[in-house]
Amino acid sequence: MKRSFYLLGIAALYAMIFSCETPPKGNVETVNTATVSPTPLPLASSAFEKSSVTLDKYWYQGKGELNVYELEQNRYQGIHPGEALLIFVTEDFLTDKQVKNDSYKDPNSTAILKMNGITRFTTGIYDYSIMTSVFTPVKTKDFSRTLKVTQSAQDWCGQVFSQINLQNEQYQYKLFSYFESEGDEQKEAAANFLEDEVMNRIRMDYSSLPVRDGLKIIPGLTFLRLRHQPYQAYTANASLKDYAGTEFSGEALKVYTIEYPEFKRTLNIVFSSVAPYYIEGWTDEYPSAFDGKLRTTKATRQKTTQDDYWSKNRSTAANASLRNELGWD
């Protein structure tokens with residue numbers, strides 16, 4: 001499918017302005033961990049390009065997709081109630097600066113699917129708020145890898161920010177943490193498949209997901225932070241099957257499973273195999289770092305809507321009503 005630069009520019013004017021935090025210079029330890037060969041994705045066109053009838057018309061209408069999930073979060077010695085929000089939106093992205101294309105003066109630009117994932121939950125008397133942003137090019141024949149991921153986590157103890165950027169065949173990683181054992185850190189690792197990009201890949205063309213045992217995968221940045229594990233690729237087993245469980249409902253469900261033997265962890269992402277491939281929910285089972293007991297995080301889709309939410313920023317009764325309908329507290 002061919003879309004003119006003009007049309008993409010018009011669509012981008014509707015998109016929310018995304019500003020990236022610039023990490024401080026100096027006092028950063030550099031470690032090179034590029035010791036394994038990257039696992040590339042198949043160089044195939046994305047479903048956006050192959051399906052002009054469904055996905056193109058769905059994603060390029062000047063709106064973002066908002067998905068609210070009921071959350072049960074594994075943390076400390078228990079499961080904590082919360083909520084999750086997945087926001088999917090298309091926009092234009094500068095491949096050299098790896099930021100949103102605001103001015104359309106730089107020709108190094110490509111269309112991406114961006115996912116902003118927000119989770120909020122309470123442990124005892126204090127709260128957690130975690131956000132992950134994933135920037136994946138739509139034209140996978142030209143750009144077979146996700147270009148950037150950012151993640152931040154806040155609780156009453158402090159906050160952490162991490163970011164990875166694709167540079168040639170490596171992902172450059174930066175971490176800024178209030179923990180003495182982590183501190184400020186910078187690493188380079190081979191550009192292996194990212195757990196954080198799975199949902200974007202599902203929404204574009206789930207058939208391109210890598211499936212095999214012994215796959216090298218970089219775990220999600222949120223998991224690495226909650227478990228305080230080092231950033232690197234780990235050996236995992238990945239499969240794609242028809243969903244046979246009863247915890248999630250939807251049309252023609254599939255489940256993409258990633259198992260990490262080293263962590264005794266199993267991640268299941270359940271989604272509809274009918275376009276536009278809604279993410280119905282996920283389970284994430286692993287032992288707690290605090291008592292070693294196996295517990296499961298679970299998220300279940302409650303509501304999905306499309307809206308130009310970035311334009312609804314006034315404190316009005318109409319906007320309050322829309323937020324109430326969405327079910328986001």
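When a residue number appears, it is its place in the shown sequence, counting from 1. All of these numbers come straight from a predicted model, not from anything done at the bench.
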Practice task
Please work out which of the three classes, parallel, tilted or perpendicular, describes the rings of Tyr128 and Phe121, given edges at 30° and 60°.
Solution key: parallel

Handout entry: Single-linkage hydrophobic cluster, 4.5 Å side-chain cutoff, Tyr278 and Ile202 together
Key = yes

Exercise for the section: Tell me whether the centres of the aromatic rings in Phe290 and Tyr76 are closer together than 6.0 Å. Expected result: yes

Handout entry: Co-membership, hydrophobic cluster, residues Phe179 and Tyr231, 4.5 Å side-chain
Key = yes

Problem - Lys148 side chain near Gln163 side chain, heavy-atom distance below 4.5 Å - result: yes

Problem - Donor-acceptor pair between Gln154 and Ser152 side chains, under 3.5 angstrom - result: yes

Exercise for the section: Answer yes when Asp92 and Lys100 have at least one side-chain N-carboxylate O distance shorter than 4.0 Å, and no when they do not. Expected result: no

Completion exercise
CG of Asp205 to CG of Asn200, rounded to nearest 0.5 Å, is 13.0 Å

Problem - Check ion pair Glu182-Arg225 (N to O, under 4.0 angstrom) - result: yes

Exercise for the section: Please determine, by modelled atom types, if Tyr260 and Gln229 share a side-chain donor-acceptor pair under 3.5 angstrom. Expected result: no

Exercise for the section: Could you tell me whether Glu72 and Lys298 make a salt bridge, using a distance below 4.0 angstrom between a side-chain N and a carboxylate O? Expected result: no

Handout entry: Electrostatic pair Arg265:Asp284 at N-O distance under 4.0 angstrom
Key = yes

Exercise for the section: Give the ring-plane orientation class for Phe93 versus Phe135, where under 30° counts as parallel, over 60° as perpendicular and anything between as tilted. Expected result: parallel

